[in-house]
There are 2 protein chains.
Amino acid sequence: MRKIVIVGAVAGGATVGSQIRRLDSESEIVIFEKDRDMSFANCGLPYYIGGVVQDRDQILEATPEAFYDKKKITVKPYHEVTAVNTETMTVTVYNRESNETFEESYDTLILSPGCRANRLDVESDMIFTLRNMEDTDAIDQYIREHQVQRALVIGAGYISLEILENLYHRGIEPTLIHRSEEINKLMDQDMNAPIIDELEKRGISYRLNEEMTGVDGHTVTFKSGKQEDYDLIIEGVGVKPNSEFLKDSGLQLDDKGYLPVNARFETTVPEVYALGDLITQRYRHVDLPAHVPLAWGAHRGASIIAEQLAGDSNVAFPGFLGANIVKFFDYTFASVGVKPQELEHFNYTMVETKQNQHAGYFPGNERLHLRVYFENDSRKIIRAAAVGKDGADKRIDVLSMAMQNQLTVDELTDFEVAYAPPYSSPKDAINMIGYKARNK
Amino acid sequence: MRKIVIVGAVAGGATVGSQIRRLDSESEIVIFEKDRDMSFANCGLPYYIGGVVQDRDQILEATPEAFYDKKKITVKPYHEVTAVNTETMTVTVYNRESNETFEESYDTLILSPGCRANRLDVESDMIFTLRNMEDTDAIDQYIREHQVQRALVIGAGYISLEILENLYHRGIEPTLIHRSEEINKLMDQDMNAPIIDELEKRGISYRLNEEMTGVDGHTVTFKSGKQEDYDLIIEGVGVKPNSEFLKDSGLQLDDKGYLPVNARFETTVPEVYALGDLITQRYRHVDLPAHVPLAWGAHRGASIIAEQLAGDSNVAFPGFLGANIVKFFDYTFASVGVKPQELEHFNYTMVETKQNQHAGYFPGNERLHLRVYFENDSRKIIRAAAVGKDGADKRIDVLSMAMQNQLTVDELTDFEVAYAPPYSSPKDAINMIGYKARNK
């Protein structure tokens with residue numbers, strides 16, 4: 001009987017276990033999870049803090065007991081895999097509750113340890129990061145027990161933005177600081193203007209090019225020299241991969257500590273697969289490496305690994321497009337394709353339109369800003385970004401499908417939109433990008 | 001100097017005139033419109049009746065005077081083209097105001113006369129149809145002057161549904177009857193159930209398999225034997241093409257009176273083009289004729305004809321996908337691909353999913369019903385339909401883009417959705433269709 005060991009029990013690990021079990025009722029499946037909880041909905045955590053999502057069972061989707069009863073998959077929480085020996089095909093496991101360490105053998109090893117939050121070099125009991133349900137509970141408990149009224153959010157990536165919005169919804173007065181002027185980095189910087197507008201409209205204070213240098217009690221000192229009192233500090237200052245345990249495994253990490261895998265989510269070592277935030281892949285539409293640590297890829301990887309293990313060697317992943325989206329108060333920011341920072345690898349042209357999201361005369365119409373980058377020689381779309389109060393998600397999903405098919409920008413003229421006044425225009429924003437591009 | 005004569009000044013005719021002028025500042029352009037108004041927003045008319053859209057200028061987008069000032073295009077309202085002589089390259093024009101008839105020569109003729117509403121064989125001053133702004137004004141005036149309280153809407157196509165909803169919004173008590181049980185025919189019949197639910201939820205009476213047989217004063221007699229009093233009757237019982245004037249033109253109409261054109265919107269006669277509701281085309285994704293009398297196609301045809309006339313013979317229309325959408329109260333009904341009635345031409349399999357439109361735990365989540373038909377041998381998608389309170393438009397637009405690229409149903413697993421809890425799921429409905437199909 002094959003024994004499959006999985007490292008990590010969140011989006012990647014728990015899903016790949018489930019997917020394998022769907023196709024393979026025989027193999028023994030064991031998942032080691034270093035933290036308390038399995039299968040929580042990471043993307044929902046900020047909204048749980050905000051009280052937007054109130055039902056804990058909806059965020060914490062499974063328990064080891066229920067998982068075993070339903071799927072005959074053993075999940076061991078508080079079990080941290082500290083080393084992998086690919087020659088003996090064993091992992092070293094540290095039981096954080098009993099302080100015991102043991103070796104576990106595997107026939108197939110699947111790595112999905114994820115990332116952990118970076119921490120700034122400042123100590124205080126009121127500083128938190130948010131990566132899992134334990135963090136969420138700690139923040140929630142701290143807010144309730146300390147009558148938190150003023151919170152400092154450090155960083156301006158999508159997690160920081162979501163936390164800030166949710167603290168605001170909870171009635172806490174948030175302040176945002178960020179060490180540079182580059183916020184929400186997956187988006188074109190000039191398209192982030194509504195983030196600032198949304199802050200200012202609500203009187204939420206923010207400072208760019210600002211850093212926290214120290215905390216004394218409630219008093220926070222900043223690089224600018226300012227001193228302000230806060231009751232809570234959330235650091236959203238990036239992540240690093242949980243890959244130190246692979247140091248002597250023979251698996252080759254990239255220079256940032258991520259693990260490259262091939263189109264079958266295989267590593268360079270036989271019977272060792274990886275998925276989730278740990279891995280790097282290739283882009284689908286251009287010849288560049290892609291690091292897309294988001295939920296869709298974890299789920300897709302889980303299915304592909306399960307199908308590989310079930311013997312279907314035809315299934316392979318054609319690569320990432322990098323589709324991503326974040327809501328910030330009334331606005332949606334979405335993009336797909338290479339990152340803004342990666343555009344420098346191409347000779348490209350940018351085309352954009354700012355137009356009605358649906359028929360101008362129909363109530364609720366909002367302006368949509370849609371932008372598409374295409375490669376000059378091939379005219380293939382390499383990146384698209386959209387911002388607006390309505391319809392940005394739809395346009396980026398359509399363009400993700402277009403890029404899945406290596407569409408040229410000119411072919412967007414023939415995109416047949418489902419048109420009625422509440423939904424779009426007879427010349428939809430996507431069509432307009434095509435028409436404008438044809439003039440270039 | 002080339003003289004371009006256009007028949008019809010609504011979506012197809014006015015747009016093709018504008019598009020030509022963009023590329024060609026020289027040619028003389030004359031548009032004959034048999035009715036009063038040009039360039040009105042057909043799709044907005046029901047909402048103008050309902051008061052959902054109140055600004056008349058937004059529905060009536062242009063006047064002949066403004067159009068001439070801006071674009072040097074002559075629009076002649078109340079001028080009906082009654083015959084075309086393709087040998088002498090002239091049209092016969094009847095001036096409905098002066099009762100004069102004259103001949104006008106053309107170098108290029110573009111036909112966009114549209115369709116007109118069918119009428120039932122029952123006479124009454126309170127019976128109206130809705131195709132243009134004149135009809136809209138007449139209905140609006142009649143409602144105001146006759147204190148309309150109860151209205152009968154006959155037919156259950158998308159115009160009837162939109163009118164019914166808008167009469168209801170205006171505070172009028174509507175009743176719907178339809179001669180068969182097949183409503184909203186572009187949608188799979190079983191997916192129309194929410195239409196009935198929406199009616200019943202609001203206490204709006206309806207009867208299927210019912211017909212109006214006579215009207216005496218306010219009293220309407222029905223096939224069922226019922227007699228009921230109404231203040232207004234709207235007939236939405238289909239349309240027929242305005243193509244009688246082409247009888248002796250040498251242009252070959254199909255058996256329903258529509259005019260087939262090729263990928264360049266050319267007819268079989270040199271220098272005669274056609275677009276809009278009058279024409280039939282081919283489907284893009286399957287080898288069948290397509291009649292898609294909707295706004296997107298009129299606009300796309302206008303651009304292609306203009307580019308042809310400007311000498312760009314590379315531009316051709318790859319065919320229709322038939323994307324369509326209608327809102328009915330809280331629900332959206334959308335589909336793309338061959339019509340349900342056309343599925344019989346294929347060996348196909350249907351796959352469907354009923355799932356959360358976005359993360360189940362996020363507020364405002366609604367169930368989405370998504371269905372995809374694929375051809376068994378090629379596994380290419382031939383039709384998709386979606387119904388729900390939220391997100392149906394997005395999924396059909398994505399699938400329209402997929403079908404634009406001849407995607408197989410299996411490739412939907414690799415659709416990279418832009419995921420965050422307010423927008424979708426890590427396994428979006430579109431992905432799920434792919435996963436389910438792979439098991440078939």
Side-chain angles (χ1 to χ4, degrees), chain A residues 11 41 43-44 47 52-53 55 58-59 158 162 284 294-300 303 317-318 320-327 332 334-336 359-363 393-394 396-402 404-405 407 411 413-424 426-428 431 435, chain B residues 11 41 43-44 47 52-53 55 58-59 158 162 284 294-300 303 317-318 320-327 332 334-336 359-363 393-394 396-402 404-405 407 411 413-424 426-428 431 435:
Chain A
C43 306
Y47 298 99
V52 172
V53 177
D55 185 351
Q58 291 194 301
I59 294 289
Y158 59 89
E162 289 173 342
R284 176 172 189 146
L294 297 170
W296 182 85
H299 283 257
R300 187 73 194 106
S303 292
F317 184 58
F320 277 106
L321 293 169
N324 67 88
I325 189 164
V326 63
K327 171 176 141 27
T332 298
S335 69
V336 60
Y361 56 79
F362 197 83
D393 59 329
K394 176 160 81 173
I396 291 302
D397 277 359
V398 170
L399 289 166
S400 178
M401 179 55 83
Q404 175 170 342
N405 291 286
L407 214 73
E411 292 175 280
T413 54
D414 282 321
F415 164 62
E416 190 173 331
V417 63
Y419 165 65
Y423 305 102
S424 51
K427 279 203 178 77
D428 188 72
N431 299 131
Y435 285 111
Chain B
C43 305
Y47 299 98
V52 172
V53 177
D55 186 350
Q58 291 194 302
I59 294 289
Y158 60 87
E162 289 174 342
R284 177 173 187 144
L294 297 169
W296 182 84
H299 283 256
R300 186 73 194 107
S303 292
F317 185 58
F320 277 107
L321 293 169
N324 68 86
I325 190 164
V326 63
K327 170 175 141 34
T332 298
S335 69
V336 59
Y361 56 78
F362 196 83
D393 59 330
K394 176 161 79 173
I396 292 302
D397 277 358
V398 170
L399 289 166
S400 178
M401 180 55 84
Q404 175 169 342
N405 291 287
L407 213 73
E411 293 175 279
T413 53
D414 282 321
F415 164 62
E416 190 172 332
V417 64
Y419 165 65
Y423 305 102
S424 52
K427 279 201 179 75
D428 188 72
N431 298 132
Y435 285 111

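Convention: sequence-line order gives letters A, B, ...; per-chain numbering from 1.
In this structure, V417(B) and S400(A) have side chains that are not in contact, with every pair of non-hydrogen atoms separated by 4.5 Å or more. Here the side chains of L294(A) and Y419(B) are not in contact, with every heavy-atom distance at 4.5 Å or above. Counting only heavy atoms from C-beta outward, the side chains of P363(A) and Y47(B) never approach each other to under 4.5 Å. Counting only heavy atoms from C-beta outward, the side chains of Y423(B) and F362(B) never approach each other to under 4.5 Å.
For chain B, no part of D55(A) is nearby; none of its heavy atoms comes within less than 4.5 Å. With a threshold of 4.5 angstrom between heavy atoms, L399(B) does not approach chain A through any atom at all. Contacts of T413(B) with chain A are made by both backbone and side-chain atoms, with heavy-atom separations under 4.5 Å. For Y435(B), the part lying under 4.5 angstrom from a heavy atom of chain A is the side chain only. In this structure, chain B has no heavy atom under 4.5 Å from any part of A359(A). Looking at D428(B), neither its backbone nor its side chain comes within 4.5 Å of chain A, counting heavy atoms on both sides. Both the backbone and the side chain of T332(A) come within less than 4.5 Å of a heavy atom in chain B.
Taking CZ of F415(B) as the reference point, atom CE of M401(B) lies at 11.0 Å (rounded to 0.5 Å).
For the pair Q404(B) (side chain) and E411(A) (backbone), a donor-acceptor distance under 3.5 Å is present.
Considering only heavy-atom pairs separated by less than 4.5 Å from chain A, the leading option among V326(B), N431(B), I396(B), V336(B) is N431(B). By number of non-hydrogen pairs under 4.5 angstrom with chain B, the leading residue of N405(A), D414(A), L321(A), V52(A) is D414(A). Among S303(A), S424(A), A298(A), the residue making the largest number of heavy-atom pairs under 4.5 Å with chain B is S303(A). Ranking A418(A), S335(A), P421(A) against chain B, the residue ahead of the rest is A418(A), based on heavy-atom pairs under 4.5 Å. Contacts with chain B were tallied for A11(A), A334(A), A402(A); A402(A) has the most, counting heavy-atom pairs under 4.5 Å. For chain A, the option among G322(B), G297(B), G360(B) with the highest count of heavy-atom pairs below 4.5 Å is G322(B).
Legend: residues meeting side chain to side chain donor-acceptor pair (under 3.5 Å) with K427(B), ordered by chain and number and at least two apart, are absent. D397(A) is linked by a side chain to side chain donor-acceptor pair (under 3.5 Å) to nothing, counting only residues two or more places apart in sequence or in another chain.
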Candidate pair E416(B) and R284(A), rule side-chain contact (heavy atoms from CB on, under 4.5 Å), full reasoning: CA-CA 10 Å; E416(B) 190 172 332; R284(A) 176 172 189 146; over 6 Å; no
